[in-house]
Visitor: 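The following block contains the structure, expressed as structure tokens.
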Amino acid sequence: MVTQRRPQIARDGEPSTSAVDFVRAKVIADTESGKFGGRVQTRFPPEPNGYLHIGHAKAICTNFAIAAEFGGTCNLRMDDTNPETEEKEFVESIEADLAWLGFTRSGPTLYASDYFGQIYAWAEDLVTKGQAYVDDQDAETISAQRGGFGQPGVESPYRNRTPEENLDLLRRMKAGEFPDGARVLRAKIDMQAENMWLRDPVLYRIRRTHHVRTGDEWVIYPMYDWAHGQSDAIEGVTHSLCTLEFSDHRALYDWCLEQLDLPFEKPEQTEFARLNLTYTMMSKRLLRGLVEEGHVDGWSDPRMPTLQGLRRLGYPPAAIRAFVEHIGLARTNSLHDIELLESFVRTELNRTSLRRMAVLDPVKLVITNWPEGEQVMLEAVNNPEDPSAGTRLVPFTGELWIERDDVKPAPEPKYYRLFPGNEVRLRAGFYVTAQEVLTDGDGRVTEVHCTYDPESAGGTTPDGRKVKSTIHWVSAAHAVERTVYLYNRLFTDPSPGADGRDPMESLNPESRVAMPGAKLEGALADVTPGQAVQFERLGYFAADVDDPSVFHRTVGLRDEWANIQKRTSR
RNA sequence: UCGCGGGUAGUUCAACUGGCAGAACACCAGACUUUGGAUCUGGGGGUUGCAGGUUCGAGCCCUGCCCCGCGAACCA
């Protein structure tokens, strides 16, 4: 058995730089003590009743990464025990998202429903041993008898039926002799337990609902607690990782497994904190509300925190993986700054994306001393971070589009771009000096007239003089016109829905801003669907995965000028 | 009300068995630069929730209190 381990112990006297989180610490301890025969097996067990979001990415990365680090395996298992909410569409989207994130499951997709026979057989054993009983009461009564926090529970009048009677009733439940909801199978544990989940939890309910995979074969379905640990055991899972809200279930998880008399060590559940992000909401119900009320264009809208939304937005899977690894695992409820995720996206895209020029809010720049009708091809670097990305040729003429924001009618403090008399460099091109800035009645810049220095071709001059600013441009005659979408936070509230607030009231009306007349350099007409590029000085953008003629702003570049403006406006 | 979990920099996490409270992101400054990007260097930032106790020494151990999260589905 191979056991890979991340380096954990720092040399004496040096600070430990590779601290291990509490989950990995447990796995290491188990491996060293020989528990599970040194084996490590995890799983990602989603219920196929919705789309995966960034929160699930934490669970996926954690389970797969830990398995890989310790030479173990990790499967994808659909926790499909509730036929009322589950659909094939979700199974397929989950599989696609997993592949997109870059993980390969250790085998085919597994289904809890494939174990229904074994899980039921174990239920009969439970009944035979007197550890479970059939209760004829309705859900409301059972719930009322459960008691409350600090209040004792009341035992069901059916609690002491004989094993023979219970077995007979359970078999008739399975055979479909009773209507939906008429009876349930309950574990016989302790109605006085402080842990509510130990007050005789329901194990099986009658539900005549067509199941996506088992069809109408079953009319009774196991509850999560009687299916999850059992599925883990059947598969040979060693470390069953889940989120904090299942902490109270751990005692029941253990109890259920103890009843099985397994010939090997039981899987063990460990809980960690789920991922929360500022300005983001992960509740399935509210996400569905956004879609159904039309606040976004479906589940893969780039503003959605779904993996399909983030994919369309242009998030590289590698960035998500690095982010999850960085935030680590803890039991502390945590709210991560969305900017942290974005910084990982920038880091990855900076390394990998091609640089291109695009003007989102164009104004005309006319070079008054440019030779009439002349056109030159300039060589531009594709990615300064990666010389192997090479160069490309871009056409340059006397009429260009530049960003409205790069021109002011008059100088402003700390503003280094174009204003009358100031010289700037056109990226990969020439030095130009603004002579005249035309504005409309509102003072908005409409056009700028410049002169250029013919000696500055390529961006340097023989006299070596410096300019404070380099701006991007696109030749007017060659520009490709496209729609570019800029995205801002979907919510204005850093914790949408917190403290009883209505998240829908903090919806940001400017969460999506379309720039329909953006002027792009010709190379951007040839992008592949989903391709990530950097629009120089603006940010990272992704061609839409379905329609590569529109672009989405994945994330902006760090913007010092924006910081200066923010500071001075305060 | 009861149970479980948690509380260390603005945020998220470290701090091995009780031994000088650190890192990342963010922010600020400088260097460099054909992206106000990237990169590099430095800086500000802390009553370790509060109070007491044990100890030569407490983020860590003990007691009490405070605050936050989760928990009484025939959901997962």
Visitor: For the side chain of A:Ala330, starting at C-beta, report the closest nucleotide among B:rU12, B:rG36, B:rA14.
Guide: B:rA14
Visitor: Could you classify B:rA23 for me, syn or anti, using a glycosidic angle within 90° of 0 as syn?
Guide: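 Anti, angle beyond 90° from zero.
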Visitor: Tell me which nucleotide, if any, is Watson-Crick or G-U wobble paired with B:rC75 when both distances must be under 3.5 Å.
Guide: none
Visitor: Compute both the distance and the angle, then confirm whether A:Arg213 meets the cation-pi test with A:Tyr111: under 6.0 Å from the six-membered ring centre, within 45 degrees of the axis.
Guide: yes
Visitor: Could you tell me the separation between the CD1 atom of A:Ile338 and the C1' atom of B:rU12, rounded to a whole number of Å?
Guide: 14 Å
Visitor: Atom CG of A:Leu275 and atom P of B:rC13: how far apart are they, to the nearest Å?
Guide: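 The distance from CG of A:Leu275 to P of B:rC13 comes to 10 Å, rounded to the nearest Å.
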Visitor: Looking at A:Arg417 and A:Asp405, is any side-chain nitrogen of the basic one under 4.0 Å from a carboxylate oxygen of the acidic one?
Guide: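 A salt bridge links A:Asp405 with A:Arg417.
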Visitor: Is A:Lys414 touching bases, backbone alone, or none of the nucleic acid, heavy atoms closer than 4.0 Å?
Guide: base
Visitor: Please state how far atom CG in A:Leu341 lies from atom P in B:rA26, giving the value in whole angstrom units.
Guide: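 About 13 Å, once rounded to whole Å.
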Visitor: Using atom CD of A:Glu348 as one end and atom P of B:rC25 as the other, report the distance to the nearest whole Å.
Guide: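 Result: 16 Å.
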Visitor: Under 4.0 angstrom, heavy atoms only, what part of the nucleic acid is A:Arg558 near: base, sugar-phosphate, or nothing?
Guide: sugar-phosphate
Visitor: Can you build the contact string for nucleotides 68-76 of chain B? Use B for base contact, S for sugar-phosphate-only contact, and - for no protein heavy atom under 4.0 Å.
Guide: -SSBBSBSB
Visitor: Measure from NZ or CZ of A:Arg489 to the centre of the six-membered ring of A:Tyr279 and say whether it is under 6.0 Å with the direction within 45° of the ring axis.
Guide: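 The answer is yes; both the distance and angle limits are met.
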Visitor: Any ion pair linking A:Asp136 and A:Arg161 (charged N to carboxylate O, less than 4.0 Å)?
Guide: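 Yes, A:Arg161 and A:Asp136 are salt-bridged.
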Visitor: Heavy atoms under 4.0 Å, any strand shown: does A:Glu271 hit a base, just sugar-phosphate, or nothing?
Guide: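 The answer is nothing, as A:Glu271 stays clear of every strand by at least 4.0 Å.
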Visitor: Measure from CG on A:Leu340 to C1' on B:rC27 and round the result to the nearest Å.
Guide: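 Rounded to whole Å, this separation is 15 Å.
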Visitor: Output the rounded distance in Å from NZ (A:Lys466) to P (B:rG36).
Guide: 14 Å
Visitor: Between A:Glu536 (CD) and B:rA38 (P), how many Å, whole number?
Guide: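 These atoms are roughly 13 Å apart.
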Visitor: Could you check A:Gly150 against A:Asp559 and say which one's nearest nucleotide on RNA chain B is further toward the 5' end?
Guide: A:Gly150
Visitor: Which sits closer to the 5' end of RNA chain B, A:Phe344 or A:Trp561, going by the nucleotide each is nearest to?
Guide: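 The residue mapped nearer the 5' terminus is A:Phe344.
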Visitor: Evaluate whether atom NZ of A:Lys468 has more than 12 neighbouring non-hydrogen atoms of other residues, nucleotides or ligands under 6.0 angstrom away.
Guide: no
Visitor: What is the nucleic acid contact for A:Arg199, judged by heavy atoms within less than 4.0 Å: base, sugar-phosphate only, or nothing?
Guide: nothing
Visitor: Starting at atom CZ of A:Arg24, determine the distance to atom P of B:rC16, rounded to an integer number of angstrom.
Guide: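 Roughly 19 Å, once rounded to whole Å.
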Visitor: Can you tell me the base-pairing partner of B:rG5? Count Watson-Crick or G-U wobble geometry only, both distances below 3.5 Å, and say none if there is no partner.
Guide: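 Base-paired to B:rC68.
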Visitor: Let's see if you can work this out: which of B:rG37, B:rC25, B:rU12 has an atom nearest to the side-chain heavy atoms of A:Ser334?
Guide: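 Within the option list, the nearest is B:rU12.
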Visitor: Going by purine N1 to pyrimidine N3 plus the second Watson-Crick contact, or the G-U wobble pair, all under 3.5 Å, which nucleotide sits opposite B:rG18?
Guide: none
Visitor: Of the options B:rG6, B:rG37, B:rA14, whose atoms approach the side-chain atoms of A:Arg331 most closely?
Guide: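 Of the candidates, B:rG6 comes closest.
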Visitor: When you check the phosphate oxygens OP1 and OP2 of B:rG36, does a side-chain N or O of A:Arg537 lie under 4.0 Å from one of them?
Guide: yes
